[in-house]
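Encoded as structure tokens, the structure appears first; notes follow it.
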Amino acid sequence: KLNGTDSNSGTLSGDSDSTVSLQGSLTNQTADSKVISNGNLYLAGVTIDGGVVDASAAGVYVEVTGSSTLKNGTFSLGSGGHLNIDAGQQLAIDGESSFTNDGTISINSNQLNYGTSLYFNTDTTINGIGDILLNAGSSYSQFDTASGATVTLGAGQTLHGSGNVSAAIVNQGTLSSDVVDGAINFGNYTLENDNVIQADNQSTINFNSIHISNSGGQITASNQSVIKMNGATVDGGQIAADANSHIDWSSGYLTGSVI
């Protein structure tokens, strides 16, 4: 356990039966300085600046128990791994950071009624084959970017569940509202959809005062689901609903799209 202001020029490592807990401030002094977890890693209110946070071993658990920041470094979550952001906490990504998700990131992992977020303060691409779960609905599960920052969801990423998305996004993967009676609410940010946005499984997507560049993508509603366009502008691409679903336009514009 580290608690305070520390620096690391080598490797901090825990084995598969151990727990590494970090609190305070940790500066990795070189690009090769590492924090490696093969078991459990607790980010208990820590800023890690630089270097590598390696949770790529299969089945690793990373738990954000206090709001924390990963800055100017490389983060990797491995296959079968879990990054759980506990209720009321925030994990922020800042600086020139590399982010690979091959596991599951759960925003509000314990589903309590406290605002919880994954927040990007700078342009970031999320690589790998994994999913990001909005796990508690509405403001209790938030995927956010700072003003001027854009997140690119790689082709292997799925952002899904029920919650709020207040983020500028380039979607090369899948955005999916898929919780029965739940909704994903997209706020007034830009959204470039190069693949799939879908409402499925009796769920709802609310597009609120948003511009969607959809020339390379599809927006679909299926299995008794609804997409609501509230002041949305959609450019290009395909928009479709199956026989048991529908798309509601209260206001907005549609240019060059195929319905």
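Computed from heavy atoms alone, side chains included, the values below leave out hydrogens, waters and symmetry copies.
- Lys34 pairs with exactly one of Val53, Thr74, Val52 by the side-chain contact (heavy atoms from CB on, under 4.5 Å) rule, that one being Val52.
- Remark: side-chain polar atoms of Asp102 are paired, donor with acceptor, to backbone N or O of Ile129 under 3.5 angstrom.
- With Thr116 contributing its side chain and Asn108 its backbone, the two residues share no donor-acceptor pair below 3.5 Å.
- Taking 4.5 Å as the limit, every side-chain heavy atom of Leu112 sits out of range of all side-chain heavy atoms of Tyr140.
- Side-chain contact between Leu118 and Asp144: absent, with no pair of heavy atoms (C-beta onward) separated by less than 4.5 Å.
- Summarising the geometry, atom CG belonging to Asn223 is positioned 7.0 Å from atom CG belonging to Asn201; distances are rounded to the nearest 0.5 Å.
- Note: Phe120 and Phe99 have perpendicular aromatic rings, judged against thresholds of 30 and 60 degrees for the angle between ring planes.
- Under the 4.5 Å side-chain heavy-atom criterion for grouping Ile, Leu, Val, Met, Phe, Trp and Tyr, Ile126 is connected to Leu70 within one hydrophobic cluster.
- The two residues Ala168 and Ala149 have their closest heavy-atom pair at CB-O, 3.5 Å.
- Asp235 and Thr255 form a side-chain donor-acceptor contact under 3.5 Å, judged by distance and modelled atom types alone.
- Within a 6.0 Å sphere centred on CD of Glu96, other residues, nucleotides and ligands contribute 12 heavy atoms or fewer.
- By the 4.5 Å heavy-atom criterion applied to side chains, Ile36 and Leu12 are not counted as neighbours.
- Using a distance-only test at 3.5 Å, with no hydrogens or angles considered, a donor-acceptor pair links the side chain of Ser67 to the main chain of Gln90.
- Closest heavy-atom contact between Ser225 and Ala199: CB-O, 3.4 Å.
- Side chains of Ser213 and Glu192: a donor-acceptor N/O pair is absent below 3.5 angstrom, by distance only.
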Would you please test Leu91 and Leu83 for side chain to side chain contact (heavy atoms under 4.5 Å, CB included) and show each step?
CA-CA 10 Å; Leu91 178 63; Leu83 169 56; 3.8 Å; yes
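- Residue Ile184 holds its CD1 atom at 5.5 Å from CG of Leu159, rounded to the nearest 0.5 Å.
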Residues Leu254, Trp249; criterion side chain to side chain contact (heavy atoms under 4.5 Å, CB included); working and verdict
CA-CA 10 Å; Leu254 183 64; Trp249 289 84; 4.0 Å; yes
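- Formation of a donor-acceptor pair under 3.5 Å by the Ser68 side chain with backbone atoms of Val46 is found in this model.
- The distance from atom OH of Tyr114 to atom CD of Gln89, rounded to the nearest 0.5 Å, is 11.0 Å.
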Would you please test Thr145 and Thr150 for side chain to side chain contact (heavy atoms under 4.5 Å, CB included) and show each step?
CA-CA 7 Å; Thr145 59; Thr150 298; over 6 Å; no
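- Between Ser203 and Val179, every side-chain heavy-atom pair lies at or beyond the 4.5 Å cut-off.
- Asn72 contributes no side-chain N or O that, together with a main-chain N or O of Asp49, makes up a donor-acceptor pair within less than 3.5 Å.
- The structure places NE2 of His82 at 3.5 Å from OH of Tyr61, a figure rounded to the nearest 0.5 Å.
- Between Phe207 atom CZ and Ile227 atom CD1 the span is 6.0 Å, to the nearest 0.5 Å.
- The two residues Gly103 and Asn101 come nearest to each other via the heavy atoms N-OD1, 3.0 Å.
- Judged purely by distance below 3.5 Å, without hydrogens or angles, the side chains of Ser56 and Asp54 pair a donor atom with an acceptor atom.
- Of all the heavy atoms in Asn206 and Asn185, the pair that sits closest is ND2-OD1, 2.7 Å.
- Counting only heavy atoms from C-beta outward, the side chains of Leu153 and Val170 never approach each other to under 4.5 Å.
- Panel note: side chain Asn135, backbone Gln111; no donor-acceptor pair is recorded below 3.5 Å.
- With contacts defined as side-chain heavy-atom distances shorter than 4.5 Å, the pair Asp86/Val64 does not qualify.
- The OG atom of Ser141 sits 5.5 Å away from the CG atom of Leu134 when rounded to the nearest 0.5 Å.
- By the rule that hydrophobic residues join a cluster once side-chain heavy atoms approach within less than 4.5 Å of another member, Tyr42 and Ile85 end up as members of separate clusters.
- Using a 3.5 Å distance cut-off with no hydrogens or angles, the side chains of Gln157 and Asp131 do not pair a donor with an acceptor.
- Distance alone, capped at 3.5 Å, is enough to place a donor-acceptor pair between the Asn214 side chain and the Gly236 backbone.
- Not a single donor-acceptor pair under 3.5 Å links the side chain of Ser117 to the backbone N or O of Tyr119.
- Remark: the backbone N or O of His211 is not paired with any side-chain donor or acceptor of Thr233 at under 3.5 angstrom.
- For the 3.5 Å distance criterion, the side chains of Asn230 and Ser250 qualify, holding a donor opposite an acceptor.
- Here the shortest heavy-atom pairing between Ser37 and Ala57 reads O-CB, 4.4 Å.
- Ser222 and Asp200 are linked by a side-chain donor-acceptor pair at a separation below 3.5 angstrom, with hydrogens and angles left out of the test.
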Could you go through Leu175 and Leu191, starting from their C-alpha distance and side-chain angles, then the distance that decides it, and tell me whether this counts as side chain to side chain contact (heavy atoms under 4.5 Å, CB included)?
CA-CA 11 Å; Leu175 298 175; Leu191 173 56; 4.1 Å; yes
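- Hydrophobic clustering (side-chain heavy atoms under 4.5 Å, transitive across Ile, Leu, Val, Met, Phe, Trp, Tyr) groups Ile93 together with Ile107.
- The shortest non-hydrogen separation linking Thr125 to Asn127 is CG2-OD1, 3.4 Å.
- Using a 4.5 Å cut-off on side-chain heavy atoms (C-beta onward), Ile205 and Ser177 make contact.
- Although no hydrogens or angles enter the test, the distance criterion places a donor-acceptor pair under 3.5 Å between the side chain of Thr124 and the main chain of Thr122.
- Looking at Ile197 and Asn171, their side chains come closer than 4.5 Å, going by heavy atoms from C-beta outward.
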